Amino acid sequence: MSLVLDPAAQDLLFREARSANTFTDEPVTDEQVQAIYDLVKYGPTAFNQTPLRITLVRSPEARERLVAHMAEGNQPKTASAPLVAILSADNEFHEELPQLFPAAPQIKDIFFAERPARENAAALNAALQAAYFIVGVRAAGLAAGPMTGFDFEGVRKEFLDDDHTPLMVVNIGRPGPDAWHPRSPRLEFDQVVTTV
Ligand SMILES: Cc1cc2nc3c(=O)[nH]c(=O)nc-3n(C[C@H](O)[C@H](O)[C@H](O)COP(=O)(O)O)c2cc1C
């Protein structure tokens, strides 16, 4: 009994949660997305830099433009999911740093004056936030289908700008028929954890 989280919540977030490949038509509302964000925004990032940005692809016209950039095998999933989000890293996150890390507002200029340093930090910390986001989708009783099989430069040009780097596209909704293959194995504790 080492975990204090309710076992049903453990199942919802991890043991029974799967990466869905098909979805029902049930809509995913802005209220649900806001509740997800308002939960996962508390996940930690370095200096509280919070570089994740989320683009909700809602209109049929925008959805069509996104599908065109997806790998062929991913196209039907992105075309049919009730909601699709493009997750990206804001490489200019340092502009918000004095507000987000008021304890040391000078961090912006000490560590993040140069763009390559910002890109490295944004890639790591936005990826962490993307993981929190996926778990948050599950906390809302929904399934996420994260995908990196798409044309990154195409998506950047179509939906973002040079200051934003796409990380992943996430299909969101309730799982449909045959939503997944059998669960793949995971590495066991002893294969992953060493103690020194
Ligand atoms: C960053 C990331 C990228 C992924 N890219 C794709 C993808 O392009 N296409 C796809 O069908 N699944 C993709 N997946 C889904 C993974 O294959 C899936 O999460 C993994 O096999 C675990 O499946 P499970 O959650 O159902 O156990 C991606 C998952 C992640 C986290």
Side-chain angles (χ1 to χ4, degrees), residues 3 5 7-24 26 28 33 36-37 39-41 43-46 50-57 62-91 119-160 164-189 191-192:
L3 302 178
L5 188 68
Q10 296 172 25
D11 288 343
L12 181 73
L13 300 181
F14 291 103
R15 276 189 220 97
E16 288 177 10
R18 298 293 313 274
S19 302
N21 294 307
T22 70
F23 298 90
T24 69
E26 186 179 323
V28 177
V33 180
I36 291 164
Y37 182 73
L39 178 66
V40 304
K41 68 184 179 187
T45 55
T50 320
L52 178 71
R53 301 293 178 264
I54 301 169
T55 307
L56 301 179
V57 183
R63 185 72 69 95
E64 219 170 279
R65 286 194 286 131
L66 178 58
V67 168
H69 293 286
M70 301 305 295
E72 205 179 325
N74 288 334
Q75 287 186 349
K77 307 175 200 185
T78 297
S80 61
L83 180 62
V84 181
I86 301 168
L87 305 191
S88 63
D90 182 358
N91 297 307
E119 286 181 358
N120 281 339
L124 171 61
N125 289 282
L128 282 173
Q129 287 191 281
Y132 307 145
F133 180 78
I134 291 167
V135 176
V137 167
R138 294 168 169 188
L142 299 168
M147 296 176 303
T148 46
F150 62 89
D151 170 5
F152 276 57
E153 205 39 45
V155 166
R156 188 211 289 263
K157 285 199 182 117
E158 191 86 46
F159 294 97
L160 306 169
H164 293 80
T165 304
L167 286 176
M168 65 185 76
V169 170
V170 186
N171 302 322
I172 302 168
R174 293 205 188 275
D178 299 320
W180 39 69
H181 307 294
R183 181 77 113 175
S184 299
R186 299 305 202 252
L187 296 178
E188 295 304 330
F189 181 87
Q191 296 175 278
V192 173

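Atoms within a ligand are numbered from 1 in the order they appear, just like the ligands themselves. None of these values were measured; they are calculated from a predicted model.
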Q. Which pair of heavy atoms, one from Val28 and one from Gly173, lies closest together, and at what distance?
A.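 For Val28 and Gly173, the tightest heavy-atom pair comes out as CG2-CA, 3.8 Å.
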Run the numbers for me: atoms of ligand 1, each under 4.0 Å from some heavy atom of [X], listed by number.
X     : answer
Asn74 : 7 (C), 8 (O), 9 (N), 10 (C), 11 (O)
Arg18 : 24 (P), 25 (O), 26 (O), 27 (O)
Lys77 : 10 (C), 11 (O)

Q) Counting only heavy atoms, which portion of Thr148 has something under 4.0 Å from ligand 1: side chain, backbone, both, or neither? A)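 The answer is both, backbone and side chain.
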Q | Residues that Arg15 engages under salt bridge (Lys or Arg N to Asp or Glu O under 4.0 Å), provided they are two or more places apart | A |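 In terms of salt bridge (Lys or Arg N to Asp or Glu O under 4.0 Å), with neighbours along the sequence ignored, Arg15 is linked to Asp11.
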Q) Got a sec, which residues hit salt bridge (Lys or Arg N to Asp or Glu O under 4.0 Å) with Glu188, two or more places apart in sequence or on another chain? A)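 Applying salt bridge (Lys or Arg N to Asp or Glu O under 4.0 Å) to Glu188 gives none.
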Q) Under a heavy-atom criterion of less than 4.0 Å, does Arg186 contact ligand 1? A)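 It does, in that a heavy atom of Arg186 comes within the 4.0 Å cut-off of ligand 1.
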Q. Heavy atom of His181 under 4.0 Å from ligand 1?
A.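 So His181 does not count as touching ligand 1.
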Q.
Among all the protein's non-hydrogen atoms, which is closest to atom 27 (O) of ligand 1, and how far away is it?
A.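 The protein heavy atom lying closest is Arg183 NH1, 2.6 Å.
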Q: Give the residue, atom name and distance (to 0.1 Å) of the protein heavy atom nearest atom 19 (O) of ligand 1.
A: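 Nearest neighbour among protein heavy atoms for atom 19 (O) of ligand 1, to 0.1 Å: Ser19 OG, 2.6 Å.
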Between [X] (side chain only) and [Y] (backbone N and O only), is there a donor and an acceptor less than 3.5 Å apart?
X      : Y      : result
Asn171 : Ala81  : no
Gln75  : Met70  : yes
Tyr37  : Gly136 : no
Arg174 : Pro82  : no

Q.
Polar contacts were defined as any N/O atom of the residue lying under 3.5 Å from an N/O atom of the ligand; does this apply to Ala17 and ligand 1?
A.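 In fact, backbone or side chain, Ala17 has no N or O that close.
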Q: Looking only at distances, please establish whether an N/O atom of ligand 1 is found under 3.5 Å from an N/O atom of Met168.
A: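 For ligand 1, there is no N or O atom that lies under 3.5 Å from one belonging to Met168.
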**Q.** Options Pro146, Gly149, Ser184, ranked by nearest heavy atom to atom 15 (C) of ligand 1, top entry
**A.**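 Closest candidate by heavy-atom distance is Pro146.
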Please tell me if [atom] is touched by the protein, where touching means a protein heavy-atom distance below 4.0 Å.
atom                    : answer
atom 21 (O) of ligand 1 : no
atom 29 (C) of ligand 1 : yes
atom 17 (O) of ligand 1 : no

Q: Report the C-alpha distance between Val40 and Val135 in whole Å, list the side-chain angles of each, state the deciding distance to 0.1 Å, and finish with yes or no for side chain to side chain contact (heavy atoms under 4.5 Å, CB included).
A: CA-CA 8 Å; Val40 304; Val135 176; 5.9 Å; no
Q) Any side-chain donor paired with an acceptor under 3.5 Å for Asn91 and Thr165? A)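 Judged by distance alone, the side chains do pair up.
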